[in-house]
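Input: a single structure, listed below in structure tokens.
If you read the sequence from its start, that first residue is 1, and numbering goes on from there. Reckoned from all heavy atoms, side chains included, excluding hydrogens, waters and symmetry mates. Note that the structure is a prediction, hence the values are computed from the model and not measured.
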Amino acid sequence: MHPTPVRRQTIPYLLLILALFAVLTACATDSSSRKPSAVLASEESLRASEIVFDINDQENTFLSPASIPTNPYPDLSVPTYITKVEDTYFIVDCYHDQVIYHDNLTDPLSKWQVMTNEISKGHTLASDGLVYLVDDTENNQILVFEKKEGVFYHTQTFTEIGSRPHYIIYDQNTQTFYALSSMSGEMYLFRHDPDDSRMHLTKIHQIEQLAGTYVRSFTISGNDIYFVSGILGSPAILQADLDTFEIRKTYPVPDSMAGMVQLTIAENHYFITISTDINGNQDYATMVHTDDLSKLIEGKYEDVYECFIGGGTPYYVTFIDNSYYLTEHRIPEHSIWRFKITDGSISHVETLY
């Protein structure tokens, strides 16, 4: 029995089917190897912010920049943070319960304008250029501001943010705002969708090693996040994974520097501002430098606070336009400093306010 011959006209159809199968298979293989797209903040939201003022509602009353009140105080009272967003400088004037802003650092404080005086002992401000987040420490809140035609408006609020949220920064690599509850060891992560200013609380991480102690700040460096110790428990610097917050390394420190404020990483050098010893005594306030965190417990570090006169309490350090800035209290007329760090050495120190 002879096989049935295949008709010539069916061959093109068979070739077409085979080609189509090959294309579909290739597409399926390619798509499976692609990384999934980033999840939108609104899709992973644990909680959206409370809307205070809709900046896009044209029926609202908007202010002119000239109508914004100027800073009513001739000096700063425990300033904790200075930063710059685009062409505007911000100072968090903690004990005056306000954030002030200006376009330069040479005019007197009386020329600065008030961004907000709605906070109680706020400490920091962070921005991605679209929204500005301020910690309202004693009210356990995060306030969100937006800028319209030169005026800042309080547009959103997050309440019940742990116990005394104390430090907030924006990380460009993860496009996330990180805010630390200073007394409970909780880290709150905030994001917004692209081109949408509505903020969302997307994650809360509990760092058990920090619970029940007073932790003033953290430092993000690449895929790592460093936490300085509070004044309870075993004083140490903790190095954790930024994604999981799992502790990778622990660097013990002497009791004399237990009440650390902040760790600043400059090239391969570490600078640490210290507020108190383990007993809360501000007489131990200083700034130290080391090139190896593991040497701190051995007392192998350099005290560099004499570069800033010394005798006060150094607080947060920020990096703005190729210079470092230090906030400080307890020394009249020496609240904000500017300086350089080169090869682990501090230079070009000058006081601004």
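- Partner Phe190 forms a ring pair (Phe, Tyr, Trp, His ring centres under 6.0 Å) with one of Tyr178, Phe177, Phe158 and no other, that one being Phe158.
- Between His102 and Trp112, the ring planes lie tilted relative to each other; the angle falls in the 30° to 60° range.
- Of the options Asp97, Asp135, Asp136, a salt bridge (Lys or Arg N to Asp or Glu O under 4.0 Å) to Lys121 is made by Asp97 and by none of the others.
- With values rounded to the nearest 0.5 angstrom, Ile55 atom CD1 is found 10.0 Å from Gln156 atom CD.
- Hydrophobic clustering (side-chain heavy atoms under 4.5 Å, transitive across Ile, Leu, Val, Met, Phe, Trp, Tyr) keeps Ile142 apart from Met115.
- Residues Leu63 and Ser67 come closest through the heavy atom pair CB-OG, 3.5 Å.
- Between His166 and Tyr214, the side chains place a donor N or O and an acceptor N or O closer than 3.5 Å (distance only, hydrogens not considered).
- Within the structure, the side-chain hydrogen bond (donor to acceptor under 3.5 Å, both in side chains) test picks out the following pairs touching residues 264-273 (sequence neighbours left out): His269-His289.
- Within the 4.5 Å cutoff, the side chain of Asp75 has heavy atoms near those of the His96 side chain.
- In the model, Asn139 has no side-chain atom that pairs as donor or acceptor with a side-chain atom of Ser120 under 3.5 Å.
- Between Lys340 and Asn322, the closest side-chain pair of non-hydrogen atoms falls below 4.5 Å.
- The shortest distance between side-chain heavy atoms of Tyr95 and Tyr73 does not fall below 4.5 Å.
- Annotation: side chain of Ser110 is not in contact with side chain of Thr70 (no heavy-atom distance under 4.5 Å).
- More than 12 heavy-atom neighbours from other residues, nucleotides or ligands sit within 6.0 angstrom of CG on Asp303.
- Atom CG of Leu130 sits about 8.5 Å away from atom CG of Asp196, to the nearest 0.5 Å.
- Ionic pairing of Arg248 and Asp241 is present here: one or more N-O contacts between side-chain nitrogen and carboxylate oxygen are shorter than 4.0 angstrom.
- In this structure, CG in Leu293 is found 6.0 Å from CD1 in Ile272, a value given to the nearest 0.5 Å.
- Checked against Thr155 for a side chain to side chain donor-acceptor pair (under 3.5 Å), the options Lys148, Glu146, Arg198 give a single hit: Glu146.
- The environment of Lys203 atom NZ is sparse: at most 12 non-hydrogen atoms of other residues, nucleotides or ligands sit within 6.0 angstrom.
- Note that the CG atom of Leu326 and the CD1 atom of Ile336 stand 9.0 Å from one another [nearest 0.5 Å].
- Ring centroid separation for the pair Tyr170 and Tyr132 does not come in under the 6.0 Å cut-off.
- Exactly one of His192, Gln172, Arg191 qualifies for a side chain to side chain donor-acceptor pair (under 3.5 Å) with Asp128. That residue is His192.
- Taking Tyr251 as the reference, Gln239 meet the side-chain hydrogen bond (donor to acceptor under 3.5 Å, both in side chains) condition, with sequence neighbours excluded.
- Not counting sequence neighbours, the partners of Gln98 by the side-chain hydrogen bond (donor to acceptor under 3.5 Å, both in side chains) test are Asn71, Asp93.
- Using a 4.5 Å cut-off on side-chain heavy atoms (C-beta onward), Ser182 and Leu210 make no contact.
- Closest non-hydrogen pair, Ala236 versus Met260, comes out as O-CE, 3.8 Å.
- The side-chain heavy atoms of Gln141 and Glu50, taken from C-beta on, include no pair separated by under 4.5 Å.
- Within the model, atoms NE2 of His154 and CD of Glu118 stand 5.5 Å from one another, a figure rounded to the nearest 0.5 Å.
- In this structure, Phe308 and Tyr305 have tilted ring planes: the angle between them lies in the 30° to 60° band.
- In this structure, the separation between CD1 on Ile119 and CG on Leu143 is 7.5 Å, given to the nearest 0.5 Å.
- Nearest heavy atoms, Pro79 versus Ile91: CB-CG2, 4.3 Å.
- In terms of the side chain to side chain contact (heavy atoms under 4.5 Å, CB included) criterion, residue partners of Glu186 (sequence neighbours excluded) are, by chain and number, Ser181, Ser184, Tyr188, Ile204, Gln206.
- Between Glu160 and Arg47 there is no salt bridge, since no side-chain nitrogen of the basic residue lies less than 4.0 Å from a carboxylate oxygen of the acidic one.
- A ring-centre distance under 6.0 Å is found for Tyr167 and Tyr316.
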Determine all donor-acceptor pairs shorter than 3.5 Å in which one atom belongs to a side chain in residues 341-352; sequence neighbours excluded.
residue, atom, partner, partner atom, Å
Glu350, OE2, Arg338, NE, 2.9
Glu350, OE2, Arg338, NH2, 3.0

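- More than 12 heavy atoms of other shown residues, nucleotides or ligands fall within 6.0 angstrom of atom CZ in Phe319.
- Under the rule for a side chain to side chain contact (heavy atoms under 4.5 Å, CB included), the partners of Thr318 that lie at least two apart in sequence or sit in another chain are Tyr81, Ile82, Ile320, Tyr325.
- Between Ile247 and Ile207 the shortest side-chain heavy-atom distance falls below 4.5 Å.
- No side-chain heavy atom of Tyr101 sits under 4.5 Å from any side-chain heavy atom of Val99.
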